[in-house]
Every structure is written in structure tokens, then in C-alpha cells.
Amino acid sequence: LQKIPETFSRNLRIVCMMEEAELISAINNGIDRYGELVERYHVGLIIHCEQLVGDRDEAEDIAQEAFVKAYLQLKKFDPHRARFSTWLYKIATNLALDYLRRNKRHVAVDDVELLAETSMPTHLEDEEKDEVQKAVRGLDPPEYRQVIEAYYWNGKSYQEIADELHIPLNTLRTWVRRAKLQLREDLS
Amino acid sequence: MKVTMEQKLIDSRPESAVGNEIFISRTLAAVRGTSANETFERVMRTTNATKKERFIMKVKQLKHIPVGLAAALVLLTSGTAFAAYQLWLSPSSQVRTIEHTAKGERALLQLKNCSQLGTNATISIAPHSGLSVAQGADAIQAYCETNAVQQWALSALHVESSSILLPYTITSINGSTMKVAYQGDMRTLKLAPTTVYVSGGSYSSRAQLQVGNSIAYVSTGNTTPVKAVVELGLNATYYGTAMRNNIILHEPCMGNPGELCSNGGGVSAIDLYSYGEVGANPSAKGDWKMIEGTLVAYSSTSMVLKGSSDALYTVNTTENLISEFNTQYNHTYNGLTVAVGDTLQVTYRQPASMNGHLITSGEFENASLLVTGNVKTDAIQKY
């Protein structure tokens with residue numbers, strides 16, 4: 001196991017008060033804070049990649065590659081013209097398309113790009129985020145909350161969650177689907 | 001473009017969420033070990049080596065109990081005088097009536113102190129499970145108690161739901177350690193003066209715990225003392241997912257309160273058709289509704305379902321779902337095929353005021369075949 005670097009673990013739980021542009025500028029000036037960006041976006045990016053390639057392990061590899069590529073090109077990125085997350089997701093989408101082509105899958109680029117659009121990062125107002133968090137906390141039965149938190153917030157795979165809860169994958173999928181229906185109702 | 005539920009969930013991720021720390025650690029190691037002239041292929045090769053170890057090398061972020069709360073808990077639990085404060089009322093579940101149906105016995109239960117299910121619940125037992133209705137009633141009582149324990153721990157101890165672990169049976173208590181086990185999962189728990197003990201929904205003491213008691217415990221890390229030990233009212237097996245995976249709850253369908261829809265671990269649903277996890281039928285509008293029924297007839301673009309009230313529902317679709325599933329997609333389910341007599345659940349959207357028995361293709365969202373699954377083998381059978 002790679003030990004989590006001390007500087008990163010110290011920063012992990014600190015709420016980032018810096019604007020993203022300042023953070024990126026700090027990283028470009030050699031300050032070791034890239035972990036904050038990885039921490040902030042990794043869960044969504046892995047899910048985004050998983051939706052494109054349909055395989056969790058490959059998705060994690062592609063997401064990692066996207067983070068590495070973004071880091072190496074960070075000096076070229078202008079945070080005043082686009083959000084880092086949008087840029088990062090586009091890198092990952094291109095890597096996912098390359099992966100699908102390399103593996104000789106029949107890829108309709110338009111379909112993948114359309115799918116990619118539906119899972120691109122969005123930017124909700126704080127009030128709306130609070131409403132979503134409240135709706136998740138109110139999911140009933142509590143197992144629905146547990147699986148939603150585990151997958152969408154804690155970055156666990158379906159297989160890991162099913163193993164931890166000792167339930168079949170199909171049951172887990174059903175719970176996630178029903179939880180999302182309940183959330184749609186609660187938030188509509 | 002409309003924001004999907006998945007996008008909302010991801011963007012609403014709390015800053016306190018733990019995240020996939022193995023991924024973060026691995027990615028940062030790759031970032032730091034990668035200079036501009038190294039190829040990404042090398043990075044990819046190094047990551048695959050660690051992947052197989054994922055399950056055994058979890059890094060748990062330890063969260064510490066707030067000092068104020070810890071002090072309060074010490075005051076509550078130290079010495080022999082602790083407050084006889086009722087944290088929750090003990091739930092109970094009794095069988096009122098039993099009905100014999102084509103799919104086995106269906107029981108109406110009377111519940112007390114079950115905030116999740118109310119005062120009544122209709123259940124049936126998964127076929128071939130070997131469980132009795134009385135055991136099913138106990139499993140529902142355990143479910144209600146589990147919810148009470150979780151609600152209390154989440155609000156009083158400010159932990160995440162993944163920190164609440166159950167069920168376990170105490171196998172020994174020595175000094176500051178307690179050994180517990182459940183179905184081969186043996187754990188040694190560290191106890192501390194700050195550990196809270198709860199029994200029957202009230203604060204208790206460590207002295208009241210005995211070998212053989214079934215418990216839940218609250219822990220935020222393997223190396224820190226447990227925050228709370230909660231004695232449960234029934235044998236540990238009633239709290240396990242294995243038991244609950246054999247119970248089917250029949251609840252009023254969403255948007256169709258006159259019909260019953262199956263829920264709970266005893267049933268799973270195989271999608272015959274769905275507009276997908278991320279999207280929805282773009283033409284469907286109105287409230288989300290659900291209907292469950294026995295398939296009594298179908299054609300290329302239509303299905304007729306008979307609900308629990310014996311009412312018939314016609315569901316129109318744009319594609320021949322059943323034929324497509326039976327010929328193209330059923331291979332992943334051991335060749336399972338959909339036929340008349342099977343139980344289907346259909347999700348659709350209609351204005352709240354509409355209560356029609358015709359669901360048009362513009363309103364249709366999803367259809368699933370209900371199945372029961374054996375947890376050990378994951379073998380599935382039609383419900």
C-alpha cells in the first residue's frame with residue numbers, strides 16, 4: 001500500500017476556501033495541493049468513465065490517467081475560461097473513446113458523446129445541494145441511503161457495496177434504482 | 001441540458017465524504033512519479049498491480065468524537081448511576097391474518113413503534129426459503145429495531161451510516177475487549193470509558209452485556225474504541241441481510257395507493273427496458289407512478305397486467321420488450337424468459353390527477369421482471 005503523503009493527508013479534510021483558480025495557480029507554482037482536486041472530483045469522474053466504458057476497473061484506470069494527464073498539462077489550462085472539472089471530464093471522455101476504439105468495440109462516437117454529456121459535472125447552488133443531501137438522508141429504508149452514499153459520495157463500486165452488505169448485485173441495482181426514483185419524487 | 005439525478009448526487013457530495021482513498025493515493029503516487037518524459041503506459045502498468053489488493057488494503061479515515069460530546073458521554077456512562085432515558089421505544093410485530101395465495105402465504109402484521117413501516121405491514125416469504133410467517137414477523141421487528149438504532153446513532157453520535165455495524169453475537173468479554181462474531185466474521189472490539197451502552201432502547205451499562213447477546217456497534221475505525229454497543233432484542237440472524245433477503249414487503253405502489261408493489265430484499269427486479277440510469281423518457285411528464293401485476297397477455301407493443309386489486313392495466317411501449325428480452329438479453333440471466341403469469345413492475349409518469357389504467361408509450365419509463373434470488377448462489381427464480 002502506498003502511504004498517503006503526509007502533506008496530502010493533512011490537507012484532505014481541510015475545507016478548501018481558495019478559489020479553484022488560486023488553487024491551480026498554487027499547484028503550478030510548485031505547491032503540493034493537487035490532491036485536493038483529486039479528492040474533490042475523483043468519485044464523479046470514475047462514475048463518468050464507468051458509464052462510458054461499462055467496466056469499473058477500466059474506468060478507474062482511465063480516471064487515473066485523466067488526472068495524470070491533466071496534471072502534466074495544468075500549466076496550459078486557463079481556469080478563467082473554463083472550469084477544471086469540465087476540462088478534466090473532457091480529457092477522460094477522450095481517453096474513454098480511445099480505450100473503446102483500441103478494444104475494437106463498436107463505438108458510435110455520437111452516442112458516447114451524448115452519454116458523456118449526461119454525466120458531465122454540473123454546478124448546483126449551495127441551497128440545491130443542501131436539498132439533495134437532505135433528500136438522501138431521508139431515504140427510506142436506510143439501506144437506500146447507505147447505497148447512494150457509498151456509490152455517489154464514498155466512491156465505492158457496486159461490487160464492493162454488494163460484498164459489504166452481503167446482497168446480490170441485482171438487489172443492489174434495484175435498491176439504487178428505487179432510491180433514485182424516491183429522490184426524484186422528493187426533489188420534484 | 002436537463003441535469004440528471006446522478007449529476008445532482010455527484011455535485012452534492014459532502015466535503016466530509018470519505019471517497020475512494022486507495023484511488024486517491026494511487027493517483028497521487030502516479031502523479032508524483034510521473035515526469036513529462038514518462039509515458040502513460042508505464043503509469044497504467046503500475047496501477048494494475050495494486051488493483052487486486054483493493055479489498056484487503058482499505059484505508060479508513062478515522063474521525064474523532066467531538067470533545068464536547070465525548071465529555072457528555074463520559075458523564076452519562078461513568079459510575080453506576082446513568083440516566084434511565086428512553087432513546088427509542090422497542091418495536092414489535094405480530095401476525096394478524098394469514099392469506100394463502102398462489103405465491104405462498106401472505107401475512108398482515110400489526111406493528112408497534114416502527115417509524116419506517118407504520119402500524120401495519122403485509123409480507124410474504126420468498127418461496128423455498130423454509131422460513132415461517134412467524135419468523136418473517138420477527139425479521140420485520142428486527143428491521144424496525146435496526147432502523148431505530150440507525151436513526152439514533154446517526155443523530156446522537158453524528159456518524160455515517162457505514163459506521164453502524166450489525167448484527168453480531170458476543171462471544172467473550174474480557175477487560176477492555178469484547179469479541180463478537182456473525183457467520184464466521186469474528187471481530188475484537190476495543191471498549192473504553194467513553195463507550196456508550198444501550199439496551200432495550202435505554203442507556204445501559206457494560207455489566208448488563210452477556211455472552212450470547214446479539215448486538216450492534218458503532219465504530220469509526222479498527223484501531224479506535226467503539227463508540228457504542230447496542231443490545232438487540234432478537235437473535236442476531238433476524239437482523240442479517242440473509243434473513244431479510246427472504247422477506248417480501250407488499251407496500252402501496254408509488255402513485256397507485258390502491259395497488260400493492262413488492263419491495264424488500266426478497267425480490268429483485270431485472271430490467272426489461274429502461275430509459276437508463278442517467279436519463280428518463282423525454283416525453284414522459286407528471287408524477288412518478290408504479291404498478292405491479294401478473295402478466296395476463298402481451299403483444300408486440302403492449303402488455304396487460306393484473307394488479308393486486310384485480311384491476312387490469314394496459315401498458316403500451318414503442319418496442320417489443322418481452323420478445324427482445326427473451327431473444328437478446330436473457331443469456332445473462334441463465335436463459336430466463338418472460339411469459340404470461342410472471343410478475344412485472346412498470347414505472348411510468350402521469351399527471352397526479354390521472355388514474356387511468358392505460359399507460360401510453362409516452363408515459364412509460366421502465367418495466368422489470370420480479371425475481372427472487374438466493375444470496376449464496378445468486379441463482380435467480382421468477383417470483
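Given the structure is predicted, the values throughout are model-derived calculations rather than measurements. To find a chain, count down the sequence lines: A is the first, B the second, and so on, and within it residues start at 1.
- The side-chain heavy atoms of A:His166 and B:Gln183, taken from C-beta on, include no pair separated by under 4.5 Å.
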> Going through the checks in order, is the side chain to side chain contact (heavy atoms under 4.5 Å, CB included) test met by B:Asn366 and A:Arg177?
Replying inline: CA-CA 11 Å; B:Asn366 172 279; A:Arg177 192 161 49 82; 3.6 Å; yes
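- Here CD of A:Glu149 is found 10.5 Å from CG of B:Leu9. Values are rounded to the nearest 0.5 Å.
- Salt-bridge annotation for A:Lys180 and B:Glu6: present, with a side-chain N of the basic residue lying under 4.0 Å from a carboxylate O of the acidic one.
- Smallest separation of non-hydrogen atoms from B:Lys8 and A:Thr122: N-CG2, 4.4 Å.
- Looking at A:Leu187, only its side chain comes within 4.5 Å of chain B, counting heavy atoms on both sides.
- Using a 4.0 Å cut-off between charged nitrogen and carboxylate oxygen, A:Glu39 and B:Arg13 count as a salt-bridge pair.
- Between A:Leu181 and B:Thr347, some side-chain heavy-atom pair lies under the 4.5 Å cut-off.
- Residue A:Met120 holds its CE atom at 12.0 Å from CD1 of B:Ile10, rounded to the nearest 0.5 Å.
- From B:Asn20, atom CG reaches atom CD of A:Glu60 across 5.5 Å, with rounding to the nearest 0.5 Å.
- Using a 4.5 Å cut-off between heavy atoms, B:Leu154 contacts chain A through its side chain alone, with no backbone atom that close.
- Interatomic distance, CG of B:Leu28 versus OH of A:Tyr71, reported as 9.5 Å (0.5 Å rounding).
- Looking only at side-chain heavy atoms (C-beta outward), B:Met5 and A:Val132 stay at 4.5 Å or farther from each other.
- For A:Phe67, the ring-ring contact (aromatic ring centres under 6.0 Å, His included) test picks out no residue, with sequence neighbours left out.
- Atom CD of residue A:Gln64 and atom CZ of residue B:Arg26 lie 5.0 Å apart, to the nearest 0.5 angstrom.
- For B:Thr146, no part lies near chain A; criterion is any non-hydrogen pair under 4.5 Å.
- At a 4.5 Å heavy-atom cutoff, the contact between A:Gln146 and chain B is made by backbone and side-chain atoms alike.
- If you measure heavy-atom distances from A:Glu143 to chain B, the contacts under 4.5 Å come from the side chain alone.
- Listed by chain and residue number, nothing satisfies the ring-ring contact (aromatic ring centres under 6.0 Å, His included) test with A:Trp153 (two or more places apart in sequence, or in another chain).
- Of the listed residues (A:Ala150, A:Ser85, A:Pro141, A:Ser188), the greatest number of heavy-atom pairs within a distance under 4.5 Å of chain B belongs to A:Pro141.
- Within the 4.5 angstrom heavy-atom criterion, atoms from both the backbone and the side chain of A:Ala63 approach chain B.
- Here the closest non-hydrogen pair linking B:Val18 and A:Asn154 is N-OD1, 3.3 Å.
- The structure places CG of A:Leu45 at 6.5 Å from CZ of B:Phe23, a figure rounded to the nearest 0.5 Å.
- When heavy atoms are compared at a cutoff of 4.5 Å, B:Gln345 approaches chain A solely by way of its side chain, counted from C-beta outward.
- Counting only heavy atoms from C-beta outward, the side chains of B:Pro14 and A:Gln133 approach each other to under 4.5 Å.
- Both the backbone and the side chain of A:Leu183 come within contact range of chain B, with heavy atoms under 4.5 Å apart.
- A donor and an acceptor atom, one from each side chain of B:Gln150 and A:Arg145, are nowhere located under 3.5 Å apart.
- Here the closest heavy-atom approach between residue B:Ser12 and residue A:Lys129 is recorded as OG-CA, 3.6 Å.
- Note on A:Gly155, A:Gly44, A:Pro142: by heavy-atom pairs under 4.5 Å with chain B, the leading option is A:Pro142.
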